[in-house]
Amino acid sequence: MEGGNMSLLIRNLNKSFKDVVVLQDFEVTFPEDTITCMLGPSGCGKTTLLNIIGNLIPPDSGELIGFENKVFSYVFQDPRLLPWKTVRGNIEFVLSREMPSDEREKHTEQLIKQVELDGFAGFYPSQLSGGMRQRVSIARAFACPSDIILMDEPLKGLDAGLKKNLINWFLKLWKTDRRTVIFVTHDVDEALLLSDRVIVLSQPPTRILTHMNIDQPAGERDPGSEHLLKIKQELLNAVTIR
């Protein structure tokens with residue numbers, strides 16, 4: 001148990017690629033129904049860990065406890081939308097097939113509205129900007145009947161204003177439909193704005209350098225406040241540790 005929530009547990013996890021040991025006896029917990037950020041520099045093993053959690057690659061050994069029978073949805077850096085389907089079609093595609101057609105339509109339209117893409121429902125991905133495509137990807141992650149949302153640097157390469165807007169759209173959806181979110185980034189500001197809890201990872205073999213809970217509700221934080229600036233400096237100090 002952690003913070004009153006049930007926790008997902010990873011224990012004694014090992015993963016190597018040829019002669020490179022990425023994870024060695026690695027352990028971490030993820031409180032359910034919260035947003036946990038794994039923060040670290042490129043090559044620190046955070047994406048490998050995310051891919052193991054999502055069953056995209058197998059570990060060499062170790063236990064993933066509480067992940068059994070969980071359904072995952074994803075938000076990647078590349079939105080990975082189906083190019084032959086419209087905004088509406090991409091979102092409807094992942095909805096439960098057991099949902100009646102009128103409910104599917106209603107739920108899809110609600111998600112489109114929540115990410116402020118009204119008027120673009122009939123557009124194809126090629127007709128949308130990068131930020132708009134990522135909004136569709138976020139809506140699609142919540143359309144999927146998943147337990148856990150995995151986010152692999154979905155804001156990388158976007159300007160600061162668009163990042164902030166995408167974080168707000170994501171949090172708007174999450175606050176009405178809470179899921180366990182595991183989010184990886186190398187950007188401290190993203191971690192501060194989006195996460196309930198931040199885990200800082202070292203270079204491989206990966207270990208946890210520090211972890212911090214952010215007690216202010218996401219979406220209501222002032223990144224220029226003394227409290228947040230202090231946390232930011234502590235995280236930046238940890239990220240520089242090898």
Side-chain angles (χ1 to χ4, degrees), residues 5 30 32-37 50 53-56 69-185 190 193-196 217-221:
N5 293 336
F30 297 102
E32 293 195 89
D33 301 326
T34 62
I35 303 174
T36 299
C37 174
L50 202 72
I53 291 169
N55 296 317
L56 298 178
N69 304 314
K70 297 291 189 185
V71 176
F72 298 93
S73 56
Y74 301 86
V75 185
F76 295 102
Q77 182 182 342
D78 175 358
R80 304 190 187 187
L81 303 178
L82 299 173
W84 59 90
K85 286 188 177 290
T86 62
V87 168
R88 183 184 291 111
N90 267 281
I91 294 171
E92 283 186 346
F93 183 74
V94 299
L95 286 169
S96 171
R97 298 292 176 241
E98 298 174 3
M99 185 181 291
S101 59
D102 59 334
E103 285 187 32
R104 290 168 65 86
E105 184 177 335
K106 182 179 178 181
H107 191 47
T108 298
E109 295 306 319
Q110 182 182 17
L111 286 166
I112 289 171
K113 186 174 182 179
Q114 285 179 293
V115 294
E116 299 180 23
L117 285 173
D118 315 55
F120 295 92
F123 282 51
Y124 290 89
S126 61
Q127 298 172 299
L128 304 174
S129 69
M132 293 167 79
R133 288 194 293 271
Q134 198 60 288
R135 275 189 262 171
V136 180
S137 179
I138 289 169
R140 188 178 57 177
F142 281 94
C144 177
S146 62
D147 307 295
I148 300 172
I149 298 176
L150 302 178
M151 303 175 69
D152 190 1
E153 301 207 59
L155 308 176
K156 187 176 181 180
L158 302 177
D159 65 64
L162 184 52
K163 279 186 184 184
K164 186 174 181 180
N165 286 336
L166 282 167
I167 286 170
N168 288 337
W169 282 311
F170 182 89
L171 290 171
K172 183 178 179 181
L173 289 171
W174 182 78
K175 287 178 179 181
T176 59
D177 185 7
R178 289 194 176 229
R179 320 266 181 104
T180 302
V181 177
I182 304 173
F183 166 59
V184 304
T185 185
E190 291 176 17
L193 288 174
L194 185 59
S195 308
D196 299 308
E220 302 174 21
R221 299 172 187 164

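Remember, it's a predicted structure, so these values are computed and weren't measured experimentally.
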Spatial distance of atom CG (Asn165) from atom CH2 (Trp169) [nearest 0.5 Å]: 4.5 Å

Flag, side chain of Thr86 to backbone of Tyr124, donor-acceptor distance under 3.5 Å: no

Closest contact, heavy atoms only, Pro154 versus Val184: CD-O, 4.5 Å

Under the salt bridge (charged side-chain N to carboxylate O under 4.0 Å, His left out) test, residues paired with Asp177 that sit two or more places apart: Arg179

Side chain Arg140, main chain Asn90, donor-acceptor under 3.5 Å: no

side-chain contact (heavy atoms from CB on, under 4.5 Å) partners of Ala141, counting only residues at least two apart: Ser73, Val75, Ile149

Atom of Gly89, atom of Lys85 and distance for their closest heavy-atom approach: O-CD, 3.7 Å

Arg133 side chain vs Pro125 backbone, donor-acceptor pair below 3.5 Å: yes

Contact summary for Arg135 and Leu117, nearest pair of heavy atoms: NH1-CD2, 3.8 Å

Salt bridge (Lys or Arg N to Asp or Glu O under 4.0 Å) contacts touching residues 106-124 (sequence neighbours left out): Arg88-Glu109

Nearest-0.5 Å distance, NZ of residue Lys163 to CG of residue Asn168: 14.0 Å

Nearest-0.5 Å distance that lies between atom CD1 in Ile35 and atom CG in Leu171: 5.0 Å

Shortest non-hydrogen contact from Phe72 toward Ile53: CZ-O, 3.1 Å

Glu190 side chain reached by Phe183 side chain, heavy atoms, under 4.5 Å: yes

Phe30 vs Ile148, side-chain contact (heavy atoms from CB on, under 4.5 Å): CA-CA, chis, key distance, verdict: CA-CA 11 Å; Phe30 297 102; Ile148 300 172; over 6 Å; no

Side chain to side chain, Leu155 and Thr185, heavy atoms closer than 4.5 Å: no

Beyond-backbone contact of Phe142 with Gln114, side-chain heavy atoms, under 4.5 angstrom: no

Taking every non-hydrogen atom, the tightest pair across Leu173 and Ala139: CD1-CA, 4.2 Å

Stepwise side-chain contact (heavy atoms from CB on, under 4.5 Å) test for Arg80 and Tyr74: CA-CA 10 Å; Arg80 304 190 187 187; Tyr74 301 86; over 6 Å; no

Pairs where residues 141-161 contributes a residue and the test salt bridge (Lys or Arg N to Asp or Glu O under 4.0 Å) is met, not counting sequence neighbours: none

Greater than 12 external heavy atoms within 6.0 Å of Glu105's CD: no

CG on Leu82 to CZ on Phe93, rounded to 0.5 Å: 5.5 Å

Closest non-hydrogen atom pair, Leu194 against Ile167: CD1-CG2, 4.0 Å

Residues in salt bridge (charged side-chain N to carboxylate O under 4.0 Å, His left out) contact with Lys70, at least two apart in sequence or another chain: Glu32

Results of side-chain hydrogen bond (donor to acceptor under 3.5 Å, both in side chains) for Gln134 - residues two or more places apart only: Ser137

